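Throughout, a chain's letter reflects where its sequence line sits, starting with A, and its residues are numbered from 1. Every heavy atom of this structure was used, including side-chain atoms; hydrogens, water molecules and symmetry mates were not. On a predicted model such as this, the values are computed, not experimentally measured, just so you know.
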There are 2 protein chains.
Amino acid sequence: MAKLVGAALLGQSGGPTSVINASAAGVFLEALKHEEITEIYGAAHGIKGILDENFYDIRKEDVEELELLKYTPSSAIGSVRYKLKDVKKDPTDYNRLLEIFKKYNIRYFFYNGGNDSMDTCLKISKFMKKSGWECRVVGVPKTIDNDLFGIDHSPGYGSAAKYVATSIMELYLDGTVYNTQQFVIVEVMGRNAGWLTAAASLAKVGGVQPDLIYLPEVDFDLDKFYSQVGDLLKTGKSVFVVVSEGIKTKEGKYIPELEADIKRDAFGHANLGGTASILANHVGEKFGVKTRAIEFSLLQRSAAHIASQTDIDEAFKVGSIAVKKAVGGTTDKFVGIRRADGDKYKAKFPLLPLKIVANAERKVPAEWILPDGKGLTDDFINYALPLIQGETKLKKVNGLPRFAKLKKVLAAKK
Amino acid sequence: MAKLVGAALLGQSGGPTSVINASAAGVFLEALKHEEITEIYGAAHGIKGILDENFYDIRKEDVEELELLKYTPSSAIGSVRYKLKDVKKDPTDYNRLLEIFKKYNIRYFFYNGGNDSMDTCLKISKFMKKSGWECRVVGVPKTIDNDLFGIDHSPGYGSAAKYVATSIMELYLDGTVYNTQQFVIVEVMGRNAGWLTAAASLAKVGGVQPDLIYLPEVDFDLDKFYSQVGDLLKTGKSVFVVVSEGIKTKEGKYIPELEADIKRDAFGHANLGGTASILANHVGEKFGVKTRAIEFSLLQRSAAHIASQTDIDEAFKVGSIAVKKAVGGTTDKFVGIRRADGDKYKAKFPLLPLKIVANAERKVPAEWILPDGKGLTDDFINYALPLIQGETKLKKVNGLPRFAKLKKVLAAKK
């Protein structure tokens with residue numbers, strides 16, 4: 001494979017995670033090692049930053065700050081929700097991307113995101129190839145939802161799962177503390193896949209078991225739910241329930257849809273806040289019990305202070321491997337994570353075709369889900385527990401996290 | 001002072017904190033050292049457990065588990081919201097308490113709680129004295145609200161403040177990540193005192209500054225708020241706001257009161273959930289911006305995984321000093337925390353009369369609050385920053401917190 005000399009460009013896309021910047025650190029710090037890579041750019045707000053030619057010049061950053069990116073939540077160079085149109089319907093964006101790739105001599109393109117972003121990688125890669133612009137495109141996966149197809153798990157999931165399991169333990173102790181009955185319901189992110197909600201069952205390893213856990217993989221039966229809650233309330237104890245934001249009735253209706261019309265975001269997914277509140281209100285009315293609805297909201301994807309060091313290390317590796325392999329000639333792939341054989345957990349990082357993940361969604365296997373909201377099987381526990389191991393090495397200053405402070409120097413427009 | 005031989009009893013009351021059990025550990029472990037103390041009881045659910053004669057026999061617990069209480073959130077022996085009536089109006093409860101104190105030979109009574117609990121201590125102490133039953137009553141303060149009068153700060157505040165400051169840093173990074181504008185509003189606990197909301201300003205020490213912070217100490221002007229938010233939105237950037245659940249208009253109306261009638265809890269305080277959601281909805285409607293309302297809810301008082309070790313150590317000391325002093329003859333007091341002179345932060349623990357704290361509320365000094373929601377002065381930062389120092393020594397097993405597991409053996413009823 002001939003040496004390909006030119007600039008490397010990273011974009012971050014979609015909802016952030018605690019470790020998406022660890023992958024960025026992997027990309028940037030690895031890129032600094034390769035003489036083939038002339039410039040290192042970070043696109044301000046993903047594809048949008050490319051189209052607008054807003055590139056941060058990463059060579060202007062201090063290496064120590066790039067190292068701190070490993071422990072810094074959110075998307076340090078800015079994220080975006082922007083879906084490229086079908087090239088046949090509207091090639092405008094693609095032509096503009098090609099123009100910019102040529103102008104800045106971008107020969108390495110890394111895009112860090114979920115299903116939609118892997119799809120973006122695929123589309124861009126195809127277009128560049130067709131246009132005769134040699135550019136190696138490697139996807140860097142991330143998502144707290146853990147719904148990427150073809151891999152064992154995605155970077156971001158372990159940290160969010162550790163947050164969920166820990167917080168459920170703490171909330172359970174708090175929510176069941178009074179002698180008077182309370183109904184506590186916690187809402188966890190996850191549109192169609194219940195991986196993160198399932199992480200609530202890890203609390204059981206710590207000695208705490210939520211009464212009911214509902215994943216979006218199973219049709220949600222409102223009548224049955226009320227009857228189960230009613231039975232639990234009859235015991236006199238407080239009741240603690242965990243639900244995914246994405247639970248749906250068998251007619252395919254989300255809980256907030258049952259209540260009101262809802263807004264839709266740029267990818268056409270429903271904005272599902274409020275499931276726990278709605279259910280809590282109904283339970284309060286039906287059973288006259290005090291209720292408390294808690295939404296993890298952005299906390300579950302940004303709580304870097306309780307990130308899994310396993311997750312951080314893997315996210316970093318996924319980024320650095322992407323660069324290493326691209327320099328070596330790889331394109332049209334993403335860096336996956338699979339589990340090595342053997343009793344002890346160990347990750348391996350195969351290069352996988354973008355098309356196996358693009359726009360597909362991996363759900364929690366039906367056989368891992370116990371019936372009637374009774375939680376998850378030991379197979380799930382064995383799967384997820386290794387992913388939350390290791391306490392973050394996040395540095396603290398003044399009792400507060402020391403997150404990376406990037407200079408964000410914009411590269412001169414060409 | 002003559003030796004007083006008999007049983008010691010601890011009750012936990014009101015909303016839990018991350019470190020109320022650290023104080024319990026202080027009481028229990030210290031009590032184990034004194035031969036004057038025959039039995040050590042934990043009242044199941046505070047006053048309610050005493051009235052029902054539900055006592056946990058703490059001597060049956062493993063000392064290692066009692067040590068782990070230091071790092072275990074919530075109220076390990078159960079909490080309660082129960083306000084003793086005025087003895088002149090209804091002495092029933094008091095007579096019952098006297099009967100039980102005599103039956104179990106309770107000579108040392110410790111009650112761990114906030115303003116209401118110090119009031120309970122005072123009432124019980126007075127009644128026992130009047131009835132000729134010698135019992136030393138020492139209050140053990142706690143509250144995340146930090147509104148106890150006559151002391152520098154209360155156990156529980158430092159940990160909750162550390163949670164708030166850290167989470168605000170993380171949420172700010174996440175909430176301002178997109179190229180499209182967002183309005184993020186975070187709601188922090190604190191009915192009448194804004195100490196915990198003020199802790200959001202500590203994020204500034206970590207390099208993150210919320211745009212607006214509103215405390216309940218200052219009349220909340222809705223029109224002004226919308227105009228400030230409107231001005232900030234004109235800059236094109238996302239807007240990040242922190243509000244106390246207790247903000248009120250100058251007419252004394254809470255935000256949810258402006259929207260609808262609200263339930264009231266046993267102490268007559270309003271149940272104030274929803275302030276952030278309501279404001280977010282209005283901002284969304286007025287300015288057509290995407291909004292996100294986040295409520296810290298129970299998380300801010302139960303997140304032991306990010307407790308302040310300074311707070312844990314002080315909470316433990318407050319509990320152990322209560323016992324030491326009671327054995328030495330002290331009664332009718334609570335263990336306060338004040339700041340020792342000198343540049344370096346150091347706490348001292350004076351015994352203070354219960355009546356200075358009972359039912360009084362300490363607010364954030366007006367001169368520490370910058371006008372127009374612009375945050376807090378450096379005086380506040382200097383005050384609060386030492387309280388969030390030190391990372392918790394909480395042990396982890398399997399990547400999850402190892403909280404105390406008490407046997408909770410009920411003492412035989414007499």
Side-chain angles (χ1 to χ4, degrees), chain A residues 16 18 44-46 48-49 72-76 78-81 162 165-167 169-171 173-180 184 202-203 205-208 273 277 292-299 301-306 308 310 385 388-391 396-403 405, chain B residues 16 18 44-46 48-49 72-76 78-81 162 165-167 169-171 173-180 184 202-203 205-208 273 277 292-299 301-306 308 310 385 388-391 396-403 405:
Chain A
S18 286
H45 303 291
K48 198 75 183 59
T72 304
S74 188
S75 302
S79 192
V80 71
R81 288 192 184 280
K162 189 180 180 81
T166 304
S167 299
M169 284 179 67
E170 294 170 337
L171 288 175
L173 293 184
D174 189 301
T176 56
V177 76
Y178 292 111
N179 57 325
T180 44
V184 180
L202 293 173
V205 178
V208 164
S277 299
R292 173 83 76 164
I294 298 165
E295 230 185 295
F296 283 149
S297 189
L298 304 184
L299 293 159
R301 71 182 196 194
S302 66
H305 73 271
I306 188 163
S308 147
T310 300
L385 199 58
I388 69 164
Q389 300 307 305
E391 305 309 307
K396 301 268 181 121
V397 176
N398 283 314
L400 293 168
R402 169 63 170 89
F403 294 141
K405 286 168 191 156
Chain B
S18 286
H45 302 293
K48 198 73 184 57
T72 304
S74 187
S75 303
S79 192
V80 70
R81 288 193 183 278
K162 189 180 181 83
T166 304
S167 299
M169 284 179 69
E170 294 169 336
L171 288 175
L173 293 185
D174 190 303
T176 57
V177 77
Y178 291 111
N179 57 323
T180 44
V184 181
L202 294 173
V205 178
V208 164
S277 298
R292 174 82 76 162
I294 298 165
E295 231 186 296
F296 283 149
S297 190
L298 305 183
L299 293 159
R301 71 183 196 194
S302 65
H305 73 271
I306 188 162
S308 148
T310 300
L385 198 59
I388 69 164
Q389 299 307 305
E391 305 311 306
K396 300 271 180 118
V397 177
N398 284 315
L400 293 168
R402 171 62 170 88
F403 294 141
K405 288 168 192 160

Residue, of B:Asp174, B:Leu385, B:Leu400, that accumulates the most heavy atom pairs under 4.5 Å with chain A: B:Asp174
Exercise: identify the closest heavy-atom pair between B:Asn179 and A:Lys48: ND2-CG, 3.1 Å
Chain A contacts, top residue of B:Ser308, B:Gly206, B:Ser302 (heavy-atom pairs, under 4.5 Å): B:Ser302
Nearest-0.5 Å distance that lies between atom CG in A:Leu173 and atom OG in B:Ser18: 10.5 Å
Residue among A:Lys405, A:Arg402, A:His45 with most heavy-atom pairs under 4.5 Å to chain B: A:His45
Heavy-atom pair of closest approach, residues B:Ile306 and A:Lys396: CD1-NZ, 4.1 Å
Side chain / backbone / both / neither for B:Thr176 at chain A, heavy atoms under 4.5 Å: neither
Distance in Å, A:Leu299 CG paired with B:Ile294 CD1, rounded so as to fall on 0.5 Å steps: 6.0 Å
Step-by-step side chain to side chain contact (heavy atoms under 4.5 Å, CB included) determination, A:His305 to B:His305: CA-CA 9 Å; A:His305 73 271; B:His305 73 271; 2.7 Å; yes
For the student: nearest non-hydrogen atoms of B:Ser297 and A:Ala293, plus distance: OG-O, 4.5 Å
Max heavy-atom pair count under 4.5 Å with chain A, selected residue of B:Phe403, B:Tyr178, B:Phe296: B:Tyr178
Contacting moiety of B:Val397, where chain A heavy atoms sit under 4.5 Å: neither
Sidechain-backbone polar pair: B:Glu170 side chain, A:Ala304 backbone, donor-acceptor under 3.5 Å: yes
Closest contact, heavy atoms only, A:Gln389 versus B:Asn398: NE2-O, 2.7 Å
Toward chain B, the part of A:Thr72 with a non-hydrogen atom under 4.5 Å: side chain
